[in-house]
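See below for the structure under consideration.
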Amino acid sequence: MGKVGVVLGSGLGAFAEGLRGRVETPYSQIEGWPVSTATGHAGKLVTGLIGETEVIVLAGRAHLYEGYTAHQTAFGIRELHRRGAKSVVLTNAAGAINVKYSPGDLVLISDHINLLGVNPLSGPNDESLGPRFPDLSDAYSREYRDIAKQAGASFGLSLSEGVYAAVPGPSYETPAEIRYLRIIGADLVGMSTVPETIAANHLGMKVLAISCVTNMAAGILPKKLDHAEVLETGERVREKLIQLLNNLIPRIAGSGADNRFSSSASP
Ligand code: HPA
């Protein structure tokens, strides 16, 4: 059974609190952990168990808008891999571009559009970690999305899927940008997750990513975007998301991980 890595969006620390046999390590005590001049190094790595499944949690992530480089935003994923995680569950807050979603919905990311203008794999490639030109055609494991849907269904939660566009932020989008994102095929927009997904796929880790829809994207409703509202919605769905994570992580661990040599990818 593989270890499962988890990256928590802000406000989800309670998930890590619930792990059995919890051990916490502040990022500042992990060798090589990148420090942003803007934010210091808030956050911690937490290990523990859900049932019999070993879980390694990153509570607090690095965003480009904080001043980290794309390379630095992927450091945490490499740390999870070094510690034996073969798969990773990423969570984030996102704005809904697709009007079929409502604030409070949890959506499985099926694919992404990288509009960050940078890539965590640029620069020399470490061949011992992964290939120079990694494939991203099943970047968000089809198998894991199906497992997540089964996990949700087991307690009455139905999960839809969507394409996530990553933008650098920190300003929210303009209404014109949201119309553009809709035209190019995005259902969700956010400021994280994509560098981590790219780095994880490079390492041969399988990825599941769950967006919490915290708001309708700019220009969809006749009102301004408000970060307080984003936080509030995140808080409102926290319990549902934690329940989903607790239910799906043991299922993922039991499914056989590591993308690298599997032939089961069927997008
Ligand atoms: N845009 C970008 N990132 C976000 C949003 C949004 O509307 N909501 C939460 N994260």
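Order of listing sets the numbers, starting from 1, for every ligand and every atom in it. These figures come from a predicted structure and were not determined experimentally. Numbers for residues simply follow the sequence, beginning at 1.
- Residues Ser160 and Asp105 bring no donor and acceptor atom of their side chains to less than 3.5 Å of each other.
- Across Asn119, Asp135, Asn125, a single residue satisfies side-chain hydrogen bond (donor to acceptor under 3.5 Å, both in side chains) together with His202, and that is Asn125.
- Among all non-hydrogen protein atoms, the one lying nearest atom 5 (C) of ligand 1 is Gly95 N, 3.4 Å.
- When each atom of ligand 1 is checked for a heavy atom of Leu225 under 4.0 Å away, the hits are 7 (O).
- With respect to the salt-bridge test (charged N to carboxylate O, under 4.0 angstrom), the residues Arg83 and Glu79 qualify.
- No cation-pi contact links Arg61 to Tyr27, judged by a cut-off of 6.0 Å to the six-membered ring centre and 45° from its axis.
- Taking a cut-off of under 4.0 Å to the non-hydrogen atoms of Thr214, the atoms of ligand 1 that pass are 8 (N), 9 (C).
- Taking distance alone, with nitrogen or oxygen atoms compared against 3.5 Å, Asn215 approaches ligand 1 more closely than that limit.
- Under a 4.0 Å criterion applied to the non-hydrogen atoms of Met191, ligand 1 contributes the atoms 2 (C), 3 (N).
- Less than 4.0 angstrom separates some heavy atom of Ala93 from each of these atoms of ligand 1: 9 (C), 10 (N).
- Scanning all protein heavy atoms for the shortest distance to atom 3 (N) of ligand 1 gives Gly190 CA, 3.4 Å.
- Atom numbering of ligand 1 starts at 1 in the shown order; those under 4.0 Å from a heavy atom of Glu173 are 1 (N), 2 (C), 6 (C), 7 (O).
- Using a cut-off of 4.0 Å between Lys/Arg side-chain N and Asp/Glu carboxylate O, Arg82 and Glu31 are scored as not salt-bridged.
- Environment of CZ in Phe155: crowded, with over 12 heavy atoms of neighbouring residues, nucleotides or ligands closer than 6.0 Å.
- Under 4.0 Å from ligand 1, not a single heavy atom of Ala218 appears.
- Linking Ile, Leu, Val, Met, Phe, Trp and Tyr residues whenever their side-chain heavy atoms come within less than 4.5 Å leaves Val237 and Tyr164 in two separate clusters.
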